[in-house]
Amino acid sequence: MNNLRNAVLGLVAVMSGSALAGDIENGIMQNAENYYGVAHQVADIAKHAPEYKTAPQQYPRFDVQPMAPATGISYFEFGLVRSQLGGDQRILAGDFSTGTNHGGSYLYVYAWQVGYGNPNNATMNGVSKSAALREARCGSDLHRCQAGETVTGWLYGWDFTGQSAGQVKASANSVASPFGYWSDSLYIN
């Protein structure tokens, strides 16, 4: 009986994963409600994720023309630090540290990426974490995609709960032309 239960649970897990993968086809969002709904019902880091990137001045190095699926990475930078004690702090291009003291019951660090790539583990104070959040984003403001929109980038989030101050570093490898390695670092007070 346990074998049958385990087989059914395994099948459900596989089918759930394929449903998420099927929500984006050829760089076009097919089912946004399913894509974002599953992650946001589960993880706090997803529930706290920013809806869109609000400061266009943070993108001085690119001009997004969402007419085709995204190419390789053309932009990768931290964009938001969110914590219980420090609240939300937007990180602008060129910021080397936060101006707010962070920490408390949670500490989330988010990075914006334009183009396709794979994030590497982020580190803070010697603690290495994989991205707890990987969300497809659309348009030049990297908003949550609607059905039929072209994916232009991604939002990654790392959960450094338990940390309060230190250097955080993250990077990603481009999976399409222009190939390359992108990274950012930030001191969190």
Side-chain angles (χ1 to χ4, degrees), residues 17 20-21 23-24 27-66 69-83 86-93 95 98 102 106-124 129-161 168-176 180-186 188:
L20 285 175
D23 293 333
I24 300 174
I28 305 295
M29 179 62 70
Q30 301 298 315
N31 187 340
E33 184 175 315
N34 186 53
Y35 179 83
Y36 295 113
V38 171
H40 287 84
Q41 293 172 6
V42 177
D44 283 340
I45 194 167
K47 292 175 188 175
H48 291 288
E51 291 290 323
Y52 56 91
K53 189 151 179 51
T54 58
Q57 69 271 21
Q58 293 179 332
Y59 301 133
R61 294 177 295 227
F62 74 89
D63 180 28
V64 175
Q65 300 295 327
T71 60
I73 300 172
S74 61
Y75 178 88
F76 180 89
E77 283 192 9
F78 290 120
L80 181 75
V81 175
R82 179 170 280 163
S83 70
D88 290 356
Q89 183 176 356
R90 298 211 182 278
I91 308 302
L92 301 175
D95 284 352
T98 62
H102 288 277
Y106 62 90
L107 174 62
Y108 304 138
V109 181
Y110 297 93
W112 298 101
Q113 174 182 296
V114 172
Y116 279 86
N118 292 322
N120 300 310
N121 282 4
T123 59
M124 182 175 183
K129 300 261 186 150
S130 61
L133 176 71
R134 299 169 188 229
E135 278 190 357
R137 295 301 182 109
C138 292
S140 60
D141 65 350
L142 296 177
H143 61 270
R144 288 189 176 133
C145 302
Q146 299 298 314
E149 285 188 288
T150 300
V151 174
T152 57
W154 301 86
L155 173 67
Y156 299 118
W158 292 271
D159 183 351
F160 282 106
T161 298
V168 62
K169 298 176 183 178
S171 62
N173 296 308
S174 189
V175 296
Y181 172 84
W182 292 74
S183 65
D184 198 11
S185 66
L186 178 72
I188 297 177

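The first residue of the sequence shown is numbered 1, and numbering continues consecutively from there.
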For this session: Indicate yes or no for a side-chain donor-acceptor contact from Gln89 to the backbone of Gly87 under 3.5 Å, with no hydrogens or angles considered.
Result: no
Exercise. Between CG of Asp44 and CG of Leu133, what distance do you get to the nearest 0.5 Å?
Worked result: 11.5 Å
Exercise. Ser83 and Gly86: which non-hydrogen atoms are nearest, and at how many Å?
Worked result: OG-N, 2.9 Å
For this session: Look up atom CG in Leu155 and atom CZ in Arg144, then write down how far apart they are to the nearest 0.5 Å.
Result: 8.0 Å
Seminar exercise, completed: Separation between CH2 (Trp112) and CG (Leu142), nearest 0.5 Å, reads 6.0 Å
For this session: Check the pair Leu107, Val81 against side-chain contact (heavy atoms from CB on, under 4.5 Å), reporting the backbone distance first and the verdict last.
Result: CA-CA 7 Å; Leu107 174 62; Val81 175; 3.8 Å; yes
Problem set entry | Heavy-atom side-chain proximity of Arg134 to Pro119 below 4.5 angstrom | yes
Problem set entry | Atom of Gly117, atom of Tyr156 and distance for their closest heavy-atom approach | O-OH, 3.2 Å
Problem set entry | Closest heavy-atom pair and its distance - Trp158, Ala170 | CH2-CB, 3.7 Å
Exercise. If every non-hydrogen atom of Tyr116 is compared with every non-hydrogen atom of Gly27, which pair is closest and at what distance?
Worked result: OH-CA, 3.6 Å
Problem set entry | Least distance between heavy atoms, Cys145 atom then Arg137 atom | SG-C, 3.3 Å
For this session: Taking atom NZ of Lys129 as the centre, report whether more than 12 heavy atoms of other residues, nucleotides or ligands fall under 6.0 Å from it.
Result: yes
Exercise. Between Val168 and Phe160, does a side-chain contact (heavy atoms from CB on, under 4.5 Å) hold up when you go through it step by step?
Worked result: CA-CA 9 Å; Val168 62; Phe160 282 106; 3.8 Å; yes
Problem set entry | For Ala136 against Met29, the heavy-atom pair lying closest together | CB-CE, 4.3 Å
Exercise. Would Ile188 and Leu186 count as a side-chain contact (heavy atoms from CB on, under 4.5 Å) if you check the C-alpha gap in whole Å, the side-chain angles of each, and the deciding distance to 0.1 Å?
Worked result: CA-CA 6 Å; Ile188 297 177; Leu186 178 72; 4.2 Å; yes
Seminar exercise, completed: Between the CG atom in Asn118 and the OG atom in Ser171, the distance rounded to the nearest 0.5 Å is 11.0 Å
Seminar exercise, completed: Between the CG atom in Leu80 and the OH atom in Tyr108, the distance rounded to the nearest 0.5 Å is 12.0 Å
Seminar exercise, completed: Interatomic distance, CH2@Trp182 vs CD@Gln113, rounded to 0.5 Å, equals 9.5 Å
